[in-house]
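Here's the structure we're looking at; comments come further down.
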Amino acid sequence: MEFNTHIWEWSSELPKWQNDLIRRLYQKSMLENIDINEVIDNILHENGFSERNLNITPLEKHHIPNKNPIDTIKITSLKNFNNIAAIEPEYGLEFLPDGLTVVYGENSAGKSSYAKVLKQSCRAVDEKTKIHPNVYKSSGSISTADIYVQQSGTESIINRVVNTAPEQLLTSISIFDTDCARVYAESENEVVFIPTEFKIFDDLARHQSEIKQMLLQLKDELLKTLPSFHDLTSPSKVKTFIESISYKTKEKDIQQNCTFTEKDQERLNQITKDLKVLVDSNPVKLIQEIQRNINDITNLKNNLQQICNELSVEKVKEYVLLHQRYLDSKATLEVLTRKAFVEQPLDGVGSDPWKKLWHTAKQYHEIAYPSQSFPYVENEAKCLLCQQDLKEESQIRLTRFEEFMTDNISQETAKLHSQRQVLLTKIKTLPFTKVTDTSVRTFFYNDSPELEMQAELFIQSALKISTLLQNTETDIHLSLDNIPEIDLPPLKEMEYWLEIKSSELQHLKTLAQQDNSADLLAEQNELVSKEKISKRIDNVYRLAKIRQEVDRVDKAIKSLDTTKLTRKYNELSSSLLTDNFKDEIEKELKQLRSKVDPIVKTLI
C-alpha cells in the first residue's frame with residue numbers, strides 16, 4: 001500500500017477540524033494567520049462554540065502528494081506570464097519531456113522568476129518564496145501563469161495564480177535552488193533526515209502545538225474575565241453555591257439558589273422583626289400589649305356592628321314608617337278628642353294627666369262595683385272620685401268618656417307611641433360614646449389608617465342619622481328623603497385585621513417560648529446573601545457561561561495532544577522505513593563524508 005493511501009485511510013477517522021488541517025498543510029506547509037484562525041474556529045466550533053464559524057474542506061486523496069504516481073507527470077513549458085516581475089506575456093520556457101533542459105541568460109533576464117513560479121507550484125523546502133508583480137505597471141491585475149504538463153501521453157494546462165498553495169497535481173515534482181540549499185546549510189548541525197512523506201506529521205504536530213498555546217492564552221483571558229463576588233463575606237449556602245459553579249451548572253440551579261422571591265422578602269422582614277423583639281424588646285410586655293389591643297379592637301368592631309345593625313336601611317325605614325303612622329294616628333285622635341271633650345266644664349280633658357286619672361278611677365271601680373261594668377251609672381251609682389250621686393248629665397258624660405277611651409284609634413295611637421318609644425330607646429342607648437372616646441382608635445389609626453378612616457366616616461354618618469331619629473320624639477315630621485346615606489363600617493376588614501393580629505400574637509408567644517435567636521441570625525444571613533446575589537444574577541449567569549467556555553477550551557486543548565500523531569508516525573515508520581532503506585541512507589552519508597549518523601526523527 002502506498003504512503004498516501006495510508007494517510008488517506010488514517011485521516012478519514014480523524015476529527016473534521018484535524019482532517020481539514022492536514023488538507024491545509026498539504027496545500028501550504030506554513031499556514032498564514034487567517035488559516036490558523038479558521039482552524040481555531042473549527043476546533044472551538046466542534047467543542048461547543050456554536051457562535052464560531054465552521055470553515056472545513058475535507059481532505060481528498062488527490063491532496064496527498066504521491067512521489068511514485070502510476071502516471072508520471074512532466075512539465076513541458078511555462079507560458080503566458082501575466083504581471084509577474086518584468087516578464088512579458090509572449091515569452092516562456094520549454095522543457096524536454098525526457099533529458100536535461102539548461103536555462104541560461106544574463107542577470108535580470110527573468111531566470112529566477114521562472115524558478116519561483118515552479119517552486120510555488122511544486123514541492124520545495126524553501127516555503128518563503130514570494131513573487132512580486134511588475135513594479136513599472138499599475139494594472140492591478142492578478143499575477144498568473146500557465147503551466148503545460150504531460151501525463152499518460154495527454155497534455156493539459158494548469159492556469160496558475162501565483163502566491164497561492166502548491167498545485168496538487170505537481171506535488172511529486174521537487175524543486176531545488178540556492179535558497180533551498182541555504183535552508184539545508186543554515187539548519188541545525190545535527191543531520192536530520194525525514195522522508196518527505198513523513199513531514200506531514202512534523203508539520204501537524206508543530207501547528208497543533210502552536211494552536212494549543214494560543215488556546216491556553218484564550219483560556220487565561222477567559223479566566224481573567226470571571227466576575228468576583230467579594231461582597232459575599234459571610235459563609236452561606238449561596239456563597240458555597242457560587243464557589244461550586246462549573247461547566248455542569250444548569251440554569252435551573254442558578255434560578256433555585258440565586259432568585260430572591262417575594263416569599264423570601266416576607267420571611268426576611270419577619271426574621272428582622274422577630275430579632276428586634278428578642279434582642280431589643282420585652283416579648284412578654286409586647287404580647288400583653290397586642291392582646292389588649294386585640295380585645296379593644298374586638299369591642300370596637302362589636303359596637304360598630306351594633307350601631308350598623310340598629311341603623312341599617314331596613315331598621316331606619318321601619319322606624320320612619322312607624323313614626324309616620326303614629327303621627328297620622330295621633331292627628332286623627334286629636335280630631336276625635338276635640339269632638340268628645342269640647343264644651344267640657346274643665347280644660348285638659350283627654351290629656352295624659354286626665355287619662356291617668358281615668359285609669360285610676362277605672363281601677364277603683366273594680367273595688368267599688370266589682371260585679372258591674374265600667375262605668376257604672378245605673379240606679380244609685382256614685383261618682384268614683386267625689387262619691388256623690390250621679391246626675392243624668394254626669395252619667396251621659398262618663399259613658400261618652402269610656403266610649404272614647406275604648407275607641408280603636410285611641411288604642412292604636414297608644415300602641416304606636418309605645419312601639420316608637422322602644423325603638424327610640426334602642427337608638428338612644430347605641431354605644432356612640434364607646435366608639436368615639438376609646439383610646440384604641442389612636443393605635444388603630446397608627447397601625448391601619450385606612451381602616452380607621454372608614455370607621456370614622458361610618459360613625460359620623462351614623463351620628464347624623466341617630467340625631468335625626470331622636471329629634472322625632474318631639475313629634476316632628478320625618479321623611480325617608482331626609483335620611484342621608486350611611487357609610488358602611490369596615491367590619492370584614494377589621495375581622496381580617498384581628499385574624500392577622502391573633503396570628504401575630506400566637507407567633508410572638510411561640511417566639512418567646514423558643515428564643516431561637518441564633519437560628520434566626522443564621523437564616524437572616526442566608527436570606528441577606530440570597531438578596532445580594534439576586535441583584536447580580538446576570539453576573540452569576542456570566543460566571544457559569546465562562547466556566548462552560550473554559551471547559552470547552554480545555555476539551556479543545558486536549559484534542560490537540562500529539563500523542564496519537566507520534567503513535568501513528570512510529571507505526572508507519574516501523575512498517576515503511578525498512579532496514580534496507582536506512583542502510584542506503586548511511587551509504588549516501590558516507591559518500592558525503594559525513595560522520596553523523598542518520599536520524600529518523602520522531603514526534604514528541
Side-chain angles (χ1 to χ4, degrees), residues 40-41 44-45 47-52 212-283 286 446-447 500 503-504 506-508 510-558:
I40 290 176
D41 283 345
L44 294 178
H45 183 91
N47 283 278
F49 287 86
S50 58
E51 67 276 9
R52 296 278 184 161
K212 181 178 181 180
Q213 291 303 316
M214 297 174 73
L215 291 182
L216 286 171
Q217 184 178 355
L218 174 61
K219 177 182 176 180
D220 290 339
E221 292 173 354
L222 285 173
L223 292 174
K224 289 178 183 178
T225 64
L226 287 173
S228 61
F229 297 89
H230 299 308
D231 49 334
L232 297 178
T233 55
S234 303
S236 64
K237 293 180 182 179
V238 171
K239 184 178 181 182
T240 302
F241 171 74
I242 294 298
E243 292 172 348
S244 69
I245 287 179
S246 67
Y247 68 93
K248 296 181 179 180
T249 303
K250 306 296 183 184
E251 181 177 350
K252 64 178 183 179
D253 298 328
I254 297 176
Q255 286 287 343
Q256 182 178 352
N257 288 276
C258 302
T259 301
F260 191 72
T261 64
E262 292 183 5
K263 187 176 180 180
D264 291 329
Q265 183 64 65
E266 291 174 2
R267 180 58 183 160
L268 179 59
N269 294 341
Q270 184 63 54
I271 291 175
T272 304
K273 188 176 180 180
D274 291 347
L275 286 172
K276 185 175 181 180
V277 170
L278 291 173
V279 177
D280 301 334
S281 305
N282 184 339
L286 188 58
N446 293 327
D447 191 85
I500 293 175
S503 176
E504 181 181 337
Q506 186 59 44
H507 175 74
L508 282 175
T510 304
L511 190 66
Q513 291 174 357
Q514 294 177 346
D515 191 13
N516 56 342
S517 302
D519 294 338
L520 290 176
L521 283 171
E523 188 177 357
Q524 183 188 48
N525 177 61
E526 289 289 345
L527 290 172
V528 169
S529 298
K530 198 173 184 181
E531 183 181 23
K532 285 182 180 179
I533 207 65
S534 69
K535 296 177 180 178
R536 299 186 59 197
I537 195 168
D538 290 342
N539 285 339
V540 179
Y541 282 120
R542 187 159 64 90
L543 173 63
K545 184 175 185 299
I546 293 174
R547 290 293 185 196
Q548 292 171 356
E549 290 179 347
V550 169
D551 176 70
R552 293 168 185 165
V553 172
D554 282 336
K555 291 178 180 177
I557 292 172
K558 187 177 180 180

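Comment: D551 engages K555 in a salt bridge, judged by a side-chain N to carboxylate O separation of less than 4.0 angstrom. With respect to K545 and E549, a salt bridge is recorded, a charged nitrogen being found less than 4.0 Å from a carboxylate O.
Taking CD1 from I40 and CG from L215, the interatomic distance works out to 5.5 Å, rounded to the nearest 0.5 Å. With values rounded to the nearest 0.5 angstrom, T240 atom OG1 is found 10.0 Å from N257 atom CG. Taking OH of Y541 as the reference point, atom CD1 of I245 lies at 10.0 Å (rounded to 0.5 Å). Taken to the nearest 0.5 Å, the CD atom of E221 stands 11.5 Å off from the CG atom of L216. Rounded to the nearest 0.5 angstrom, I533 CD1 and S236 OG are separated by 8.5 Å. Taking CG of L527 as the reference point, atom CZ of F260 lies at 6.0 Å (rounded to 0.5 Å).
No donor-acceptor pair under 3.5 Å is formed between the side chain of N525 and the backbone N or O of L521.
Partner of R267 under the side-chain hydrogen bond (donor to acceptor under 3.5 Å, both in side chains) criterion, chosen from E523, E526, E262: E523.
The nearest pair of heavy atoms linking D253 to F241 is O-CZ, 3.6 Å.
Counting heavy atoms from C-beta on, the side chains of T272 and Q524 come closer than 4.5 Å. Using a 4.5 Å cut-off on side-chain heavy atoms (C-beta onward), L44 and L218 make contact. Side-chain contact check for K273 versus H507: every heavy-atom pair is 4.5 Å or farther apart. Side-chain contact between F49 and D41: absent, with no pair of heavy atoms (C-beta onward) separated by less than 4.5 Å.
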Should K252 and Q256 be marked as a side chain to side chain contact (heavy atoms under 4.5 Å, CB included) after you check the CA-CA gap, both sets of side-chain angles, and the distance that decides it? CA-CA 6 Å; K252 64 178 183 179; Q256 182 178 352; 6.0 Å; no

D554 vs K219, side chain to side chain contact (heavy atoms under 4.5 Å, CB included): CA-CA, chis, key distance, verdict: CA-CA 8 Å; D554 282 336; K219 177 182 176 180; 2.9 Å; yes

Please lay out, stage by stage, how E531 and Q265 fare under the test side chain to side chain contact (heavy atoms under 4.5 Å, CB included). CA-CA 8 Å; E531 183 181 23; Q265 183 64 65; 3.7 Å; yes

Do I242 and C258 pass the side chain to side chain contact (heavy atoms under 4.5 Å, CB included) test, and can you show the C-alpha distance, the side-chain angles, and the key distance before you say yes or no? CA-CA 9 Å; I242 294 298; C258 302; 4.2 Å; yes

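For R552 and Y247, the positive end is not near the middle of the six-membered ring at less than 6.0 Å and at most 45° from its axis.
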Show which side-chain atoms of residues 223-233 pair as donor or acceptor with protein atoms under 3.5 Å away, not counting sequence neighbours.
unit_1: T225; atom_1: OG1; unit_2: L222; atom_2: O; d: 2.6
unit_1: D231; atom_1: OD1; unit_2: R536; atom_2: NH1; d: 3.2

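Side-chain contact check for T261 and D264: at least one donor-acceptor pair (N or O, by modelled atom type) lies under 3.5 Å.
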